[in-house]
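In what follows, residues are counted from 1 in the order of the sequence shown. Please read all numbers here as calculations on a predicted model, not as lab measurements.
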Amino acid sequence: MPRLTKYYIGGFEGNKLVGVFTLGWGTRPHHTIAKLFPSLSTPDYFELGKLCVADEMPKNSESQFIAKVVSLIKRDMPKIKVLFSWADGIMGKAGYVYQASNFFYGGYIWTNAFLDKNNVRIHRRTLQGILSTEKNTKGSIAFDVITQKGYKMLFGKQFRYIYPTCNRREWKKLLNET
């Protein structure tokens, strides 16, 4: 897991692990939150890194898991004011779980993603490292270099979702910043 992941939360049914939830920050934590709420900084929020629930679990298990994590954060981490997450529109994920969990839509960004020959997603920095071993590419991710090496580049949207864990008055104050 990335070093900016700070908490790993397991969801259990009896003794069986059926879900995992990670909290931390992305690659530019201060920039991410300050773009939406200029008065907030890294200690004021968590980014949902991974949310995975076993396929055999009933419908709505993800939103129930999110609700339990939100309760845990409100109880044990009162300084956290918002939860933030991305939904990966490029990969066909519009954020339905976040919508069902009453997250607020925070707009979108245009971005790109990279796939290898087996259609497995490769992180931009991983691809830069792979390509930097090739003569004269110096970490380039130019489209022609990518396609020559058999990678695909996709272009699309990532959607922001925000869940307030602060009180209503503070949330209204934050909304006035946007």
Side-chain angles (χ1 to χ4, degrees), residues 1-109 111 113 120-121 123-126 156-178:
M1 293 303 299
R3 67 181 171 89
L4 291 174
T5 300
K6 300 302 175 190
Y7 293 96
Y8 311 88
I9 302 166
F12 291 86
E13 184 173 61
N15 289 331
K16 183 180 178 188
L17 179 66
V18 294
V20 176
F21 202 106
T22 67
L23 296 168
W25 302 284
T27 55
R28 298 177 65 197
H30 178 75
H31 174 80
T32 298
I33 199 65
K35 181 131 180 134
L36 290 170
F37 305 110
S39 68
L40 297 184
S41 188
T42 308
D44 299 317
Y45 86 107
F46 274 130
E47 187 170 329
L48 285 62
K50 302 287 180 201
L51 170 60
C52 181
V53 175
D55 289 339
E56 69 265 12
M57 295 303 294
K59 288 184 179 183
N60 301 326
S61 293
E62 291 90 351
S63 55
Q64 290 176 4
F65 195 14
I66 289 171
K68 292 201 181 276
V69 170
V70 166
S71 294
L72 178 90
I73 290 169
K74 285 182 176 183
R75 186 188 74 211
D76 295 345
M77 302 175 206
K79 292 185 181 189
I80 299 297
K81 297 177 180 171
V82 294
L83 294 177
F84 175 87
S85 191
W86 291 104
D88 199 353
I90 293 175
M91 304 307 282
K93 299 177 181 177
Y96 299 122
V97 170
Y98 301 125
Q99 294 169 25
S101 299
N102 295 318
F103 276 63
F104 289 86
Y105 175 67
Y108 65 88
I109 62 168
T111 189
V120 174
R121 190 171 186 162
H123 192 277
R124 173 190 253 338
R125 289 186 179 160
T126 303
K157 295 178 182 177
Q158 280 190 321
F159 304 102
R160 293 183 192 100
Y161 287 95
I162 302 102
Y163 190 93
T165 55
C166 57
N167 64 46
R168 285 184 189 176
R169 184 171 17 143
E170 193 166 10
W171 176 238
K172 284 184 179 183
K173 186 177 166 184
L174 288 171
L175 285 175
N176 287 330
E177 294 181 22
T178 61

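- For residues 62-83, the set of pairs meeting the side chain to side chain donor-acceptor pair (under 3.5 Å) definition, not counting sequence neighbours, comprises K81-E170.
- Between the OG1 atom in T42 and the CD atom in E47 there is a gap of 10.5 Å [rounded to 0.5 Å].
- We find the CG-OG1 distance between L40 and T32 to be 12.5 Å, quoted to the nearest 0.5 Å.
- Here the straight-line distance linking atom NZ of K6 with atom OG1 of T22 works out to 12.0 Å at 0.5 Å rounding.
- Side-chain atoms of I109 and W86, non-hydrogen and from C-beta on, do get closer than 4.5 Å to each other.
- When side chains are defined from C-beta on, F37 counts as touching I162, because their heavy atoms get closer than 4.5 Å.
- Across every non-hydrogen atom of G19 and L17, the tightest pair is O-CD1, 3.2 Å.
- Looking at every heavy atom in both residues, V53 comes nearest to S61 through CG1-CB, 3.9 Å.
- Partners of E177 by salt bridge (charged side-chain N to carboxylate O under 4.0 Å, His left out), not counting sequence neighbours: none found.
- In this structure, the side chain to side chain donor-acceptor pair (under 3.5 Å) partners of Y161, at least two apart in sequence or on a different chain, are Q99.
- Sorted by first and then second residue, the salt bridge (charged side-chain N to carboxylate O under 4.0 Å, His left out) pairs with a member in residues 21-34 form an empty list; sequence neighbours excluded.
- One distance of note links OG of S39 with NZ of K173; it measures 7.0 Å at 0.5 Å rounding.
- Within the structure, the salt bridge (charged side-chain N to carboxylate O under 4.0 Å, His left out) test picks out the following pairs touching residues 16-27 (sequence neighbours left out): K16-E56.
- Every residue meeting the side chain to side chain donor-acceptor pair (under 3.5 Å) condition with S41, not counting sequence neighbours, appears here in chain and number order: H30.
- Applying the salt bridge (charged side-chain N to carboxylate O under 4.0 Å, His left out) definition to pairs two or more places apart or across chains, none involves residues 158-169.
- Using bins of under 30°, 30° to 60° and over 60° for the plane-to-plane angle, the ring pair Y45/F84 lands in the perpendicular bin.
- A distance of 13.0 Å separates CZ of F104 from CG of L36, quoted to the nearest 0.5 Å.
- Side-chain contact between L48 and L23 is present, with at least one heavy-atom pair separated by less than 4.5 Å.
- For S101, there are no side chain to side chain donor-acceptor pair (under 3.5 Å) partners two or more places apart in sequence or in a different chain.
- Partners of F159 according to the ring-ring contact (aromatic ring centres under 6.0 Å, His included) rule, which considers only residues two or more places apart in sequence or in another chain, do not exist here.
- By the 4.5 Å heavy-atom criterion applied to side chains, L174 and V82 are counted as neighbours.
- For Y7 and F46, the ring centers are positioned less than 6.0 Å apart.
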Identify each donor-acceptor pair in which a side-chain atom of residues 90-97 lies under 3.5 Å from a protein atom, sequence neighbours left out, and give them as a table.
none

Set out, in order, the CA-CA distance, both residues' side-chain angles and the distance that settles side chain to side chain contact (heavy atoms under 4.5 Å, CB included) for I66 and F103, then state yes or no. CA-CA 10 Å; I66 289 171; F103 276 63; 3.8 Å; yes

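- With sequence neighbours left out, the ring-ring contact (aromatic ring centres under 6.0 Å, His included) criterion links Y8 to no other residue.
- Residues forming a ring-ring contact (aromatic ring centres under 6.0 Å, His included) with F65 (at least two apart in sequence, or on another chain): F21.
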